[in-house]
Amino acid sequence: MKRKYKRLTFVAIAGVFIAVAAGLMLSAFEENIVFFRTPGDIASGAIEEGRRIRLGGLVAEESVTPGADGLVHFVITDTVDTVAVNYVGILPDLFREGQGVIAEGTLVNGVFIADEVLAKHDENYMPPEVSDAIKEAGQWYQDGEHGSGDGESGDNGTEGQ
Amino acid sequence: MVAEAGHFALFLALFVACAQTVLPMVGAARNNAQWMDFARPAAVIQFVLVAFAFGALMHGFIVSDFSLSVVFQNSHTDKPLMYKISGTWGNHEGSMLLWVLILSIFGCAVAVFGANLPPALRARVLAIQSFIAVGFYLFLLLTSNPFSRQIPVPFNGQGLNPLLQDPGLAIHPPMLYLGYVGFSMAFSFAIAALIEGRVDAAWGRWVRPWTLAAWGFLTGGITLGSWWAYYELGWGGWWFWDPVENASFMPWLAGTALLHSAIMVEKRDTMKGWTVFLAIVTFSLSLLGTFLVRSGVLTSVHAFATDPSRGVFILLLLIIVIGGSFALFAWRGPTIRNTGVFQPISREGGLLLNNLVMTTAAAAVLLGTLYPLFLDALDGDKVSVGAPFFEAVFIPIVMPMILAMAVGPLLGWKRADLRFALSRLRLAFVLSGLIGLATWSLVTDGPFMGVIGLTLAAWLGLGTLVELAGRIRLFRVPFSESLSRLSRSPRSSWGMTLGHLGLAIAIAGMTGAGSWKVESIQTMSPGETVNVGGYDYTFMGAEDGQGPNYSYTRGTFTVTRNGQPVVTMHPENRRYPVRSMPTTEAAIHSLFLGDLYAVVGDADGSDGSYVTRLYWNPLVAWMWVGAIVMVTGAAVSLSDRRFRVGVPQRRKAELSPVAKT
């Protein structure tokens, strides 16, 4: 094979491979992207039921009630609107009332059925989406960065209503 | 006082690094030997200074000096000594100090072991290494000073995040950083080569061991992180396609490609421009990883409480380093000429396929990781790209490579006979097909991908063994001669065999764990029995107790299979009063075919019953074994004496452009 054709072979193989990979990615983006929504979005009715979303906000104070066999019921709030959440499974270690949380699942008859709940590894940390959501709702107060040290001040100045 | 001395040492290191960036570079351009030689003592001094600063911070942690705000925020007097020490890097400032410490270790290594490098190349490499260091010293001193004091001095600290109080996680960051930062060596050599306009076999011989070492550390670091997630997060997950996991995985993919293309530079004097490009890409991805982790732009389990000015600073650094090096590559890259020629079906062709797949996979992971950022910037919509996306894209991309990986090592250099190579793999083909069929008939539920995954793993493993058998002429010559061939075969080919074999084992593990996991969550009262994955777990109750800096609830399960006792398991649920934060300590019992995995949760009422989570995690231990085999492969390959003897031959290589093998 001449050098030129050989190089062409390599380029062609690489081109086909990359095209296939790009196609895969486009179709996967189409199907597997999960949008982030807030309780406010749900209250305004902008959410299609049955579509998979991520719901972020704070776990409302005194809203966590365990049911039978691992079912947990709690309320996610952006301090203005609230959404009831049902979740079967293990809550992460850092899941606490008043803390930022992200739940993934679908909305069914106004109740959010979550199959995944994410809280963070560090109790001072709030997911940027959640803090944005609370800012959007106009309820954001920045308090001192370090809390009071006893770890109980997890509400970060956004006391549940 | 110690802290001020550490702070001062960091300043001195910055000044030394500035001098080390400028003088040797100018010296190399003007052929001034004295200026060039300045780089070697400077690199050693830099290392001593940074090591002193790091020691000073560690001292602060050990003696619990709470006037240092980093220590106050991340330590506590009740903490065991080991976690006081690991607390040094269990926070943003300290981990960046560890970053520069490792960078200076690598620079120092070039200065000490680089006696046989051409002086100009060595001077330039050290200057570039030092340039990166300048950026990070500035970052530390301007935005993340680990030695900042606070008044009044608090009585006690806030304690280290309990999730980080774990032996696996104590050594995970240093390992990972040795990998990340290790790629800076390949980067510095690449930039030096671009400035010189020359890449030759001797250059390849220098770059390859550094890349290999970095790759080995990164493999180990990623595995440790994954292992930690598996036993600490309490639900048996081991990889989440979390942005920060991706941040470490992208340099791993690009580094794997670099490892393979550097072989072509060294042995065949070809693909040189591409290798330089890959070296730049790999280190750029390491920097990007640092940016993603440290800036907190992406929602991630790893994000520490963050500060936007840090993100902006790293972004700036990223633009200078990555932009500058790509511009240099565009300008000087075309001057690099390749002499080796080869046909598409050849060892080179196989290595090229590896490069194609690895870089495409890295690009796919990069796009998926950054897509939420793009979308947020474009129309403010927040999305998350999670495991379903990455699984749908990544797995099909790498599958052809695993198919080809068994064949590649059987192909000769330059031009090879594919049919001959495939005919040698007949047995491997039949056996892996049988393994696939057996899996399919034995495991009736679960995804079909699981069957495919195990078949591919078997094909890769058996194919690697066929290559090994061929190399030692097993069963063709007397067995004793095969053995002596085995002991005489070069360490670097051992590295290849172990690396590929390790991957095969790890793929089997990932497939099993991903496909056939059994999960059971329930409330159990003492004496109650639940069957999970064929094992009967009897809950014997739980009791409370007190650890060094936590209180715990310890559950007891006796596990039997068909009435035969297997093991007694003790999962714990720990509560750390300092951070009022619980952690889950799963009880894990590894068997050949899978792990028994038990977790005890909260008490349910006062009758002694608890929420329990029981899992059967198939083949999980294979992942860890596979990773250990891969890292061993890297270590064995690094011990190859050709890496050391071969290097001084640069002079000869310069005389005749054709590379020797």
Side-chain angles (χ1 to χ4, degrees), chain A residues 1 3 6 9-10 13-14 17-18 20-22 24-29 31-38 52-54 56 66 68-71 88-94 96 102 104 116 118-130 132-133 145-152 154, chain B residues 72-73 154 156-159 161 163-164 233-235 296-299 301-306 341-344 349 352-353 356-357 360-361 363-364 367-368 371 381-386 388-390 392-393 396-397 400 521-523 577-584 599 601-602 604 611 613:
Chain A
M1 236 192 287
R3 206 177 169 132
K6 215 159 53 193
T9 320
F10 288 128
I13 292 172
F17 188 81
I18 291 167
V20 171
L24 269 173
M25 265 192 279
L26 285 178
S27 75
F29 270 134
E31 288 161 21
N32 295 317
I33 279 197
V34 182
F35 283 88
F36 182 87
R37 294 291 179 253
T38 65
R52 201 173 165 75
I53 57 165
R54 276 191 168 194
D69 274 345
L71 175 84
V88 178
I90 319 123
L91 288 170
D93 291 333
L94 268 184
R96 259 181 286 161
I102 292 178
E104 192 168 320
E116 201 177 343
L118 310 163
K120 295 300 135 186
H121 284 190
D122 184 317
E123 84 273 27
N124 290 325
Y125 175 77
M126 179 168 300
E129 290 94 341
V130 174
D132 285 354
E145 203 192 334
H146 309 314
S148 60
D150 58 7
E152 292 297 340
Chain B
F72 163 68
Q73 285 162 36
N156 213 333
Q158 296 183 327
N161 185 337
L163 284 172
L164 305 182
L233 297 186
W235 52 278
V297 289
L298 290 170
T299 301
V301 290
H302 288 70
F304 294 113
T306 50
V341 288
F342 55 91
Q343 297 291 331
L352 212 54
L353 181 68
L356 180 63
V357 173
T360 312
L367 278 175
Y371 187 76
D381 217 346
K382 296 201 186 305
V383 297
S384 81
V385 178
F389 168 82
F390 290 105
V393 174
I397 288 180
I521 304 170
Q522 62 279 307
T523 308
V578 175
R579 288 226 173 178
S580 71
M581 194 172 142
T583 68
T584 307
V599 172
D602 298 327
D604 189 51
V611 176
R613 308 182 320 244

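Chain identifiers are assigned alphabetically (A, B, ...) following the order of the sequence lines, protein sequences preceding nucleic acid strands; residue numbering begins at 1 within each chain.
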Minimum heavy-atom separation for B/A392 and A/L24, please, with both atom names. O-CD2, 3.8 Å
Where does B/P154 contact chain A at under 4.5 Å (heavy atoms): side chain, backbone, both or neither? neither
Roughly how far apart are B/T360 OG1 and A/F17 CZ, rounded to 0.5 Å? 5.0 Å
Heavy-atom distance under 4.5 Å to chain A: side chain of B/F390, backbone, both or neither? neither
Okay, B/L367 and chain A: the region with an atom under 4.5 Å from a heavy atom over there is both
